[in-house]
Amino acid sequence: MPFIPHTEEDVKSMLDTIGVDSIEDLFDEISDELRAEGLTKVPEGVSEMELSRIMHERAQQDSRTLCFAGAGAYEHHIPAAVWEITTRGEFYSAYTPYQAEASQGTLQLLYEYQTMMASLTGMDISNASLYDGASALAEAVLMAVRANRKSKSKRIFMPRTVHPAYRKVAHNIVKGQGITLEELDFDMDGGFIDPESLPKDPGDFTALVIPQPNYFGVLEDIDALTNWAHEHKALVIAVVNPTSLALLKAPGSWGDKGADITCGEGQPLGAPLSSGGPYFGFMACRQAYVRQMPGRIIGRTVDLDGKQGFALTLQAREQHIRRSKATSNICTNQGLLVTAATIYMSLVGPDGLSKVANACHNNTVDLIDKLEATGKAKRLFNRPLFHESVMQFELPTDQLMDAMSAKRILPGVDISEDYPELGNVMLVCATETKTDADLQMYADLVIDITKNS
Amino acid sequence: MPFIPHTEEDVKSMLDTIGVDSIEDLFDEISDELRAEGLTKVPEGVSEMELSRIMHERAQQDSRTLCFAGAGAYEHHIPAAVWEITTRGEFYSAYTPYQAEASQGTLQLLYEYQTMMASLTGMDISNASLYDGASALAEAVLMAVRANRKSKSKRIFMPRTVHPAYRKVAHNIVKGQGITLEELDFDMDGGFIDPESLPKDPGDFTALVIPQPNYFGVLEDIDALTNWAHEHKALVIAVVNPTSLALLKAPGSWGDKGADITCGEGQPLGAPLSSGGPYFGFMACRQAYVRQMPGRIIGRTVDLDGKQGFALTLQAREQHIRRSKATSNICTNQGLLVTAATIYMSLVGPDGLSKVANACHNNTVDLIDKLEATGKAKRLFNRPLFHESVMQFELPTDQLMDAMSAKRILPGVDISEDYPELGNVMLVCATETKTDADLQMYADLVIDITKNS
Amino acid sequence: MLIFEQSRNGRVNTAQQPAGTKAVSDIPAEFLRNDKPLLPEVSEMQAVRHYTRLSTKNFSIDTHFYPLGSCTMKYNPRGCNSLSMLPGFLNRHPDSPVNMSQGFLSCMYDLQEILKDVTGMKEVSLSPMAGAQGEFAGVAMIRAYHDAQNGGKGDPERTEILVPDAAHGTNPATATMCNFKVREIPTNSDGDVDIDALKQAVGPQTAGIMLTNPSTLGVFERKIKEIADIVHKAGGLLYYDGANLNAILGKVKPGDMGFDVIHMNLHKTFSTPHGGGGPGAGPVGVSERLIPYLPVPMVTKVSDEYQVITEKDNPNSIGRLSAFMGNAGVLLRAYIYARLLGRDGMQRVAEYATLNANYMMKKLEAAGFELAFPNRKATHEFIVTLKKQAKELNVNAMDFAKRLLDYGFHAPTTYFPLLVPECFLIEPTETEAQDALDGFIEAMIAIQKEAETDAEKVKGAPYTLPVRRLDDVKAAKELDLTWKQQQA
Amino acid sequence: MLIFEQSRNGRVNTAQQPAGTKAVSDIPAEFLRNDKPLLPEVSEMQAVRHYTRLSTKNFSIDTHFYPLGSCTMKYNPRGCNSLSMLPGFLNRHPDSPVNMSQGFLSCMYDLQEILKDVTGMKEVSLSPMAGAQGEFAGVAMIRAYHDAQNGGKGDPERTEILVPDAAHGTNPATATMCNFKVREIPTNSDGDVDIDALKQAVGPQTAGIMLTNPSTLGVFERKIKEIADIVHKAGGLLYYDGANLNAILGKVKPGDMGFDVIHMNLHKTFSTPHGGGGPGAGPVGVSERLIPYLPVPMVTKVSDEYQVITEKDNPNSIGRLSAFMGNAGVLLRAYIYARLLGRDGMQRVAEYATLNANYMMKKLEAAGFELAFPNRKATHEFIVTLKKQAKELNVNAMDFAKRLLDYGFHAPTTYFPLLVPECFLIEPTETEAQDALDGFIEAMIAIQKEAETDAEKVKGAPYTLPVRRLDDVKAAKELDLTWKQQQA
Ligand SMILES: Cc1ncc(COP(=O)(O)O)c(C=O)c1O
Ligand SMILES: Cc1ncc(COP(=O)(O)O)c(C=O)c1O
């Protein structure tokens, strides 16, 4: 029997011990009417060998692609060591470190992770992960409402330059609690929130969300935005790409006082694209807000002999203690991805992460240049950007997408549905994994396809 | 620097400690004339990311094949757990267990392996591996010469039904020591060594090698052959496929007294095809010959507290102790493959190994039937076989090979160079990994190709 | 030693850096960072060695029996890991068009079908990223449903969610996130919901009830049909917390019990790894009337092509809860596991999980341990209460738990559910062999002896782990949440 | 607990069995087995848990500093493992035709070119499966060379191979396998070959000499050119045992020292994993005159197609030494490693390995440990002799070695080379950081203190490992080499 170790003799002896005749007898408290007739849509079981063949064939269908899409999920090189260690049984098959003494491996790793993320974001503390970047933003909004006790309005300013899916998720999660997300529109030339356009007299609001880089890859005027929010006694929620933080100013240094809460998608730190998950959301904040933080937090302490050790702490924030008054309902988080991220960051180091950020950015700039040189595409926004750009094509984007994907190339993400006002545009990204030849091939294909259409 | 952890400061402080000015100074005992000019053919170093791309492209060139070749290397399903555990750093990056107390993992595993192999072969003891099946046969010949003290002739009877490469390797390795391998020819109808054809008065000889199944997949008359050798006071060296032993009589039970030494290729037990290596040679023998055994042997013993533990034993046979009088020069063996094999055997168990053997055999028989049904191919030998068969094709084998390989199908191994007298033949094998559809496709293609040629 | 303590300024691991990278020149200085983040500067080997060694400081299923009640710590087949990590799956960008995605989408579609069958629900959405997010989706759907009543005018009085006192913390926490008030329903002495109390609690304010069945008390809620009737009659909906689905997989379908909405914890019942805390996956299934509200994306099949359903297609959906499609890689693992088990294997899961639990329960009882519900059959788990030991020997459940670690067993869930004092919630799962169960029982007996003869020994445990018992109070009082440079 | 002790009769792990297998019907009973072999009957989880736990009872590079002299225990990059295990490589059958093999063959060809460059030899064959097999190939080529002299009549008087007394055991063992007599050459007090003794030893009976340089004494043989001259003049050939190539990689080429034939241990210098004992790879390289004798197969390139050279192409070859192409997967790992290092990285290997060894040597000397060759520079390794400790404190090298394990360090090579009493051959390798070296030195100092104050403590070590010191004598006397059912 797959994964069940019992022999017939075992079963007999166990039933004897229990004092029943059959396994069925163990279910006798369940009334007959509830008993299932059997499963009909579940296929018959197959061996690992047979399934291996099936899965190889399916994986093959989606494989051998060249990816120029970003839009919140980035193809980076992941050192082989990352997943070889992450999938070691001791990390892979352990659970939440409730028994701290039997989980020092995971706990110390998480403490190290918290340290790295706090430093990367320029914040005081970090939690041990949330589900993904989008839900992390939702949690950040909820947290801001708890943390900014002076504000009663539950109004959050949400730029339209934030990832559309993040905005939707945040809305879906926070709306039940009477929180409103008020959109801020962007400047059509720069693709950013022009500080000049901010309401002079916004009234009471709880927080301003600032993405950096924003969904378009464009760099926001973070200092001005941060100061504006703080001037109005609102909190600043930064949504950032962790790779970019090796290069770009950390949220803790934005404006005069720095952002208050930082969140984002951890995927670029060692998680494969993997159809969108599992990734992990990260969240960091100032010390003052630690008790409003959702999610697990690990602390360093000592054991009975005074020796250093690590344990879950501030559990009174969490659902298993505080129940209906918890900071969040989150329980299972994305521990294994954090394991991978921590190993990833240790392997690349500060210098490596900075090189990755630089290489991605340079590749994207090269790609933009090459595309513009075709005369069939142009860069839409005139502001500084980081490693991603909105490109306007001569061809309709769906035509481009069809022609390129037929060649197993993903030319970017078509964002015209979310931003119809931008016209025929594609969000394009070239990470450090792309070679000059890849970039050139993209440009050459654009010429070909445009010609042949 | 790849894989070198030194910072500039480290180097400085270390040089200070040593009391030299530069690393170059550490090489000052080497005369200048010997110093290399530099490397010219070694390419510049690349990052793991760049190399990953190169290696993926190369691997891709050889991939997506459907393999009907056997001939000493068999494509079996390998449970995912096998290599996930085998490549754990503690197994992967350890060395020979010289410090037994710090190597109990490897040592216990090897003791378990010895137990499994001894039982599978029906022998008393097993060593902890040799390089591969071919070199194991060479070692078995050398061992037989040491073990059969009564025989002075150093003559070994070597059937032509033994794998041609094994015969070559054995010859190349043993010839220096004045050992002669005398070939025994096979019966053209049965593809086996007909006991009737054995010399009635062979004179003094040291050992007879008996392959089961033989290179053609044919089953030898092991009992008669074994008894014949023993009647002439020669030893019997069995060369067997370990998968087959779940189904076929163990060498320990051959004839009236059983084989004396058993060796073979361990690859079918969890090693991927991998272009021919690393595999591992196994060797097992009767207790009486243990001190003639080459290679590492692990014994169970106790520690200072009387607790069970495992250690290398009988090291006086080995080169690091006995030097020029050692049983073999082998030092590094194939430990990691044995690790995989031990985990493989534990995962499939006796029942699973028997199912694998049965499934391979049945698939091969089905394939033979399907090929014969095409009318374009026929089975050459009329004797019982195990999981492999010589097939004679209407088409020249090189034409068949070219046409099939263009479709990424490996139709078998062309053995006409080694056995020109057999004509247009191919050694064909279908393991448990092949489906009915695969077999049918092969047969259909044979019809197509024969037609279109 | 922390990884930071092995770090040396200026050490770079070039094999893991893109070569020949030029510094960017087109980003103005005002946007740039000018300090070096505190990431470790170690060699590849140092990192590998450090994290390999750290890993060995964990208990895990691959190394220990881990009978953590309500967590279903069963064997995570290695094949699920390796097949889900095939390059074609790992490299697929979430925004890939369908013509580059048929392999992945077909797996998701098949998984939806399997989960529908197993739960008896009408439709399934895979996107929630853990049980708690599944709960959120479910309760949000309950809200959406009520809001759509009365011709779209809604049913604004329905402000309460009922929750048994044995419920998992995520249940009330979720209800709050959806802006419901939580009302607790007591449990009777046999572990069933107190029906009278329930009757009194329901009313026009009842939006729904969240139930686990079998409950976290390790018993099957026998009056489930009656409960369903009561709540439904009051106009409320029934939410099924699927954390304990392992107990009844393929034997009882939540849909047949009358539930309107359910989440599953694939990291429990479908054996995707717990990963030291996650990731999980919490797909939701619904009855007919909640189909329009299911979270997107979902996968459908239109004449042999698999396609993605989004907000556009399902305008009444509660929307998306993740940027993309949830924890896709976890879903793949669950799919692979389901295929390996097959329909018969699924039923066996419930059977043998139940067999193991009842066997342990009987043997522990025979050894003198007190059961919380001695008159009930165990489901896939059961509760021992150590209140006698706590009172008479001053050795409490935590002490037993820590001492078990020394014996090489992970502790069961302690102090949950809260209503059972000094509680051990023990879930062996179907993948453990009789020897392992016997070993655990022997350890319990040995610890009991120790508690009787040398209580201090038990209270001082553990002794053989990387650390002795940790000071949680200090951890919370003197917060030390990040390593600081000067501590080096 | 042994895996067999967890076995239960009749337990089957169906997920790892081909489904629906019928028993074979066409093999007559006389050929069939009728007992069940003693393979464990355990569940997948039991096997995974057992072998995972066993693995943690090993020291390894990934977990410990492992300065085993002459073994080059350096970091095995994880990328070499994962890239060598790509499906295209793993699934290639060794008898695949060249049109299905260009990817693999191109790697082999490139590796041959790299190794030629690194060694300064004219041609390389990759096939030998470890150092010792490389030695066999090398000495067999020396024999083939002499046999071809005198117009093919051979040089039958050349019956001796010279070997320094510091040589590794495989050297004399190999010479014997090739039917040569072994004559040992003594070492002088500085660790160089005793030239006078060599001069007396050479003669018309000399087939060749096997040398390691740097020698296993941890010093560079300074008179190598003179030695080469002496041996060559006598008509013998020079064999280079490449086990210590790490010390001079890219800095000195054996070809330039006058060697005729060389093996390399890729599992040392090229960092393929040692795997708990193997596999390795021992490619051989030769000077012009030995090219015809190289073992097959080799890889060549003919107008952009990579092809395999066999016996047919090279009729004078000593032939094949393995069924297929040697340890192909190991060769792939070495190739990947070589590409990651590149030409500069190779030279750095030698430089930093040497730096580390000299640093440790100086610090240990400063701490009072006696060096075997205090007047010499260390190469990538060096020797400490503990003879004073053995004599004065009755604490010998083995005691130090075992106690080091308690301190978390694998012991250096002990009692080899045999000519240095109470010898510790210490090879840190280039991949260890200064902290690790310092840690080892501190442990040595601490053990020395223990030896002075509490010798019994050191002699009783280890204390913290899975077992205490093992009884080797019992192991050899009361042979227990397989587990027997009745012991259960
Ligand atoms: C009964 C019960 N409900 C809900 C949950 C929450 O599930 P998750 O941790 O996946 O969010 C759990 C998890 O432990 C549980 O045991
Ligand atoms: C000096 C020396 N020569 C030869 C060898 C033999 O190499 P292998 O173990 O690869 O057969 C070794 C291995 O330890 C060695 O150190």
Side-chain angles (χ1 to χ4, degrees), chain B residues 5 14 23 39 41-42 44-45 48 55 58-59 61-63 69 89-90 92-96 101-102 104-106 115 118-120 125 131 134 165 172 176 272 274-278 299-301 303-304 309 313 319-320 323-324 326 329 332-336 346 350-352 355 359 413 432, chain D residues 12 17-18 21 37-40 47 54-55 57-62 79 83 86 88 90 92-95 103 117 129-130 132 169 172-174 176 178-179 182 274-280 319 323-325 327-329 342-343 345 351 359 433 465-468 470 474-475 480-483:
Chain B
M14 292 171 79
I23 292 183
L39 302 171
K41 290 195 221 153
V42 178
E44 296 284 354
E48 185 185 298
M55 295 307 286
R58 295 197 183 181
Q61 288 183 58
D62 301 351
S63 72
E90 296 94 326
Y92 187 76
S93 75
Y95 195 33
T96 303
E101 298 83 0
Q104 287 296 298
T106 290
T115 303
S119 170
L120 208 50
I125 57 162
Y131 301 129
N172 297 335
S274 187
S275 289
R300 177 156 67 166
T301 182
D303 74 0
L304 277 180
T313 193
Q319 46 72 29
H320 60 290
R323 302 177 70 84
S324 65
N329 70 341
T332 291
N333 60 21
Q334 306 285 116
L336 200 66
S346 301
D351 194 57
K355 290 246 172 66
V413 175
E432 85 280 14
Chain D
V12 291
Q17 306 191 334
T21 304
L38 183 59
L39 304 185
L54 273 194
S55 78
K57 296 187 178 177
N58 275 358
F59 277 34
S60 67
I61 306 176
D62 278 9
L83 294 177
L86 293 172
L90 285 191
R92 181 181 167 271
H93 190 281
D95 287 319
D117 194 8
M129 292 180 284
T174 301
T176 301
C178 293
N179 220 19
V182 175
H274 282 83
F324 303 107
M325 190 174 221
N327 283 333
R343 57 173 71 149
E351 289 167 5
Y359 174 75
L465 277 87
V467 290
R468 292 196 51 205
L470 288 167
K474 180 181 156 77
D480 174 356
L481 309 181
T482 60
W483 183 83

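Computed from heavy atoms alone, side chains included, the values below leave out hydrogens, waters and symmetry copies. Lettering of chains follows the sequences in order, A, B, ..., and the numbering in each one begins at 1.
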Per-residue tally against chain D (heavy atom, under 4.5 Å) across B/G335, B/G352, B/A134, B/P350 peaks at B/P350

Between D/L39, D/D117, D/L54, which shows the greatest number of heavy-atom pairs under 4.5 Å with chain B?
-> D/D117

Do you know the tightest heavy-atom contact between D/G276 and B/T106?
-> O-CG2, 3.8 Å

Rounded to the nearest 0.5 Å, the CD atom of D/Q17 sits from the CG atom of B/D351 at a distance of 4.5 Å

Return the option, out of D/V182, D/L465, D/V12, D/D62, with the maximum number of heavy-atom pairs under 4.5 Å with chain B.
-> D/D62

Say whether B/Q104 and D/N58, considering side chains only, have a donor N or O and an acceptor N or O under 3.5 Å apart.
-> no

Does B/S93 use its side chain to pair, donor to acceptor, with the backbone of D/S60 at less than 3.5 Å?
-> no

When D/T176, D/T174, D/L90 are compared by non-hydrogen pairs under 4.5 Å with chain B, the top option = D/L90

For each of B/S274, B/A69, B/G309, B/A359, tally heavy-atom pairs with chain D at distances under 4.5 Å, and name the one with the top tally.
-> B/S274

Below 4.5 Å from any heavy atom of chain D, which atoms of B/I23 appear? Answer side chain, backbone, both or neither.
-> side chain

Test item: D/R343 side-chain N/O and B/V42 main-chain N/O as donor-acceptor pair under 3.5 Å = yes

Side chain of B/S324, backbone of D/P172: donor and acceptor closer than 3.5 Å?
-> no

Look at the side chain of D/S55 and the backbone N and O of B/E90, then say whether any donor-acceptor pair between them is shorter than 3.5 Å.
-> no

Which residue out of D/A130, D/G103, D/G88, D/P466 racks up the most heavy-atom pairs below 4.5 Å with chain B?
-> D/G103

Show your reasoning for whether side-chain contact (heavy atoms from CB on, under 4.5 Å) applies to D/L481 and B/T313.
-> CA-CA 9 Å; D/L481 309 181; B/T313 193; 3.8 Å; yes

Does any N or O in the side chain of B/D303 come within less than 3.5 Å of the main-chain N or O of D/V467, such that one atom is a donor and the other an acceptor?
-> no

Please answer whether the main-chain N or O of B/I125 pairs with a side-chain N or O of D/T482 as donor and acceptor at a distance below 3.5 Å.
-> no

What residue in D/G342, D/P37, D/P94 has the most heavy-atom pairs under 4.5 Å with chain B?
-> D/P94

So, for D/F59 and B/A94, which heavy atoms are closest and what is the spacing to 0.1 Å?
-> O-CB, 3.4 Å

Output yes when D/R468 and B/E101 qualify as a salt bridge under the 4.0 Å nitrogen-oxygen rule, no when they do not.
-> no

Do the side chain of D/D480 and the main chain of B/G299 share a donor and acceptor less than 3.5 angstrom apart?
-> no

